[in-house]
Amino acid sequence: MPNPKHKTTKSKVGMRRSHHHTSPLQAVKCDKCGELKQAHTVCPACGSYKGEQVVAKKEV
Ligand SMILES: [Zn+2]
């Protein structure tokens, strides 16, 4: 049976996994309502995207 010749050290595992992180989501202000929202997405607060109303605003 083929087997690795040497044990993978914690150090080598750490070096390999150093690239496994994800970058935090970009938060930008909405053009319309100024609420913080995720970039390139419809605003969850007012339902607008690039200054246009694309989703009907939820009535509270
Ligand atoms: Zn908005």
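The figures that follow rest on heavy atoms only: side chains count, while hydrogens, waters and symmetry mates do not. Bear in mind that the values here come from a model prediction, so they are computed numbers and not experimental data. Every number for a ligand or one of its atoms is a count from 1 in the order of the listing.
- The environment of His19 atom NE2 is sparse: at most 12 non-hydrogen atoms of other residues, nucleotides or ligands sit within 6.0 angstrom.
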Report, one line per pair, each donor and acceptor closer than 3.5 Å where one atom sits in a side chain of residues 5-13; sequence neighbours left out.
{"from": "Thr9", "atom 1": "OG1", "to": "Lys12", "atom 2": "N", "distance (Å)": "3.1"}

Using a 3.5 Å cut-off and no angle test, enumerate the donor-acceptor pairs between side-chain atoms of residues 31-42 and protein atoms at least two apart in sequence or in another chain.
{"from": "Lys32", "atom 1": "NZ", "to": "Gln53", "atom 2": "OE1", "distance (Å)": "2.7"}
{"from": "Lys37", "atom 1": "NZ", "to": "Thr41", "atom 2": "O", "distance (Å)": "2.8"}
{"from": "Thr41", "atom 1": "OG1", "to": "Gln38", "atom 2": "O", "distance (Å)": "2.5"}

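- The side chain to side chain contact (heavy atoms under 4.5 Å, CB included) test applied to Ser18 returns no partner, not counting sequence neighbours.
- Taking 2.8 Å as the limit, the number of protein N, O or S atoms around the Zn ion (ligand 1) is 4.
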